[in-house]
Number of protein chains: 2
Amino acid sequence: MLAKIGDKWSILTIMMLSDGTKRFSELQRGIDGVSQRMLTLTLRGLERDGLVTREVFPTIPPRVEYTLTPLGRSLQVPVIALGQWVTANLPELEAARRRFDAAAEEA
Amino acid sequence: MLAKIGDKWSILTIMMLSDGTKRFSELQRGIDGVSQRMLTLTLRGLERDGLVTREVFPTIPPRVEYTLTPLGRSLQVPVIALGQWVTANLPELEAARRRFDAAAEEA
DNA sequence: ATCCTAGGTTACGATTCGTAACCGGAAAGG
DNA sequence: CCTTTCCGGTTACGAATCGTAACCTAGGAT
């Protein structure tokens with residue numbers, strides 16, 4: 001269960017949906033590097049876990065909107081905290097990696 | 001980066017290390033279902049990112065202790081929040097899954 | 001006729017994961 | 001002696017997952 005919620009795409013998707021309902025293409029544009037397939041799979045997983053709702057408008061071309069459920073909104077709090085921690089500490093994480101990799105180089 | 005930090009085993013490991021230094025076997029016993037290999041890989045990843053330190057005591061049999069760095073301790077706050085959310089909402093998540101799977105059954 | 005749209009599925013190669021076996025060297029038990 | 005036990009780690013290999021790219025739907029616009 002933790003595996004799915006801690007998942008990279010799930011976290012980014014929940015962060016995206018935190019400021020309101022979004023359609024599929026908006027999410028795809030907003031989440032850097034996500035493929036159509038991965039976004040579809042992620043959204044299905046979140047829907048399955050009762051975290052988002054999926055609403056289809058049968059127009060041509062189709063329109064699909066995703067919204068956080070109350071349960072999803074309650075998850076939004078810790079998820080955003082985690083996301084912010086990562087962005088805030090990204091430079092330090094990358095520096096640590098460079099140090100580690102450089103030290104491992106001396107083999 | 002998010003991928004590694006949101007990772008299931010990383011989260012559980014950081015939660016384990018939150019109440020102090022632990023040795024390898026303690027972590028393995030405390031983290032339900034983790035294999036030796038996965039724990040090793042997870043700890044190396046956390047060490048690489050500067051979140052834990054690894055200290056080897058060259059005795060026979062060997063002893064290895066893992067400790068959260070200051071950076072790791074700062075991550076501990078949002079990670080524990082996420083972990084607690086999951087355990088608190090586990091019943092509701094499982095219920096949602098059952099509903100979703102039952103509805104999908106009607107094909 | 002052809003292209004464009006938005007969301008989704010399929011096929012397939014590339015990673016990653018998990019299980020299980022094995023390793024080290026000293027020390028304790030038979 | 002010979003075997004077993006200790007702990008942390010590595011290796012091998014099959015299974016699951018991920019990511020890229022192609023294709024699909026059907027109507028409206030060019």
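Numbers restart at 1 for each chain; the letters A, B, ... are given by sequence-line order, proteins then strands. On a predicted model such as this, the values are computed, not experimentally measured, just so you know.
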Heavy-atom closest contact ([X] atom, [Y] atom, distance):
X: A:Glu94; Y: B:Met1; answer: N-CE, 4.4 Å
X: B:Leu71; Y: A:Trp85; answer: O-CZ2, 3.6 Å
X: A:Thr87; Y: A:Pro91; answer: O-CD, 4.2 Å
X: A:Gln28; Y: A:Gln36; answer: NE2-N, 3.5 Å
X: A:Ala3; Y: B:Lys8; answer: CB-CD, 3.7 Å

side-chain contact (heavy atoms from CB on, under 4.5 Å) evaluation trace for B:Leu46 with B:Ser10: CA-CA 7 Å; B:Leu46 294 176; B:Ser10 298; 4.1 Å; yes
Along DNA chain D, first and last positions that approach a heavy atom of chain A under 4.0 Å: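 That gives a stretch of D:dC18 to D:dG27.
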Sugar-phosphate, base or nothing in reach of B:Ser25, heavy atoms under 4.0 Å: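 Sugar-phosphate contact only - B:Ser25 comes under 4.0 Å of backbone atoms but never of a base.
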Nucleotides 22-30 of chain C: protein proximity per nucleotide (B base, S sugar-phosphate only, - neither; heavy atom, under 4.0 Å): ---BS----
Residue whose nearest DNA chain C nucleotide is more 5′ - B:Asp7 or A:Arg23: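 So the residue in question is A:Arg23.
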Spatial distance of atom CG (B:Leu68) from atom NZ (B:Lys22) [nearest 0.5 Å]: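 Here the rounded value is 10.0 Å.
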Nearest-0.5 Å distance, CD1 of residue A:Ile5 to CD1 of residue A:Ile14: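 CD1 of A:Ile14 is found 7.0 Å from CD1 of A:Ile5.
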Value in whole Å for how far the C1' atom of C:dG7 lies from CG of A:Leu27: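 Taking CG of A:Leu27 and C1' of C:dG7, I get 12 Å after rounding.
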Joint cluster assignment, B:Val34 & B:Leu41, ILVMFWY side-chain distance < 4.5 Å: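 Same cluster: B:Val34 reaches B:Leu41 through Ile, Leu, Val, Met, Phe, Trp or Tyr contacts under 4.5 Å.
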Given DNA chain D, 5'-ward residue of the pair A:Trp9 and B:Phe24, judged by closest heavy atom: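 Whichever sits nearer the 5' end wins; that is B:Phe24.
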Close residues, residues 38-57 of chain B, relative to DNA chain D [heavy-atom separation under 4.0 Å]: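 Per residue number, the list reads B:Thr40, B:Arg44, B:Arg54.
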A:Asp49 side-chain N/O to A:Leu51 backbone N/O, donor-acceptor pair under 3.5 Å: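 No, because the side chain of A:Asp49 does not come within donor-acceptor range (under 3.5 Å) of the backbone of A:Leu51.
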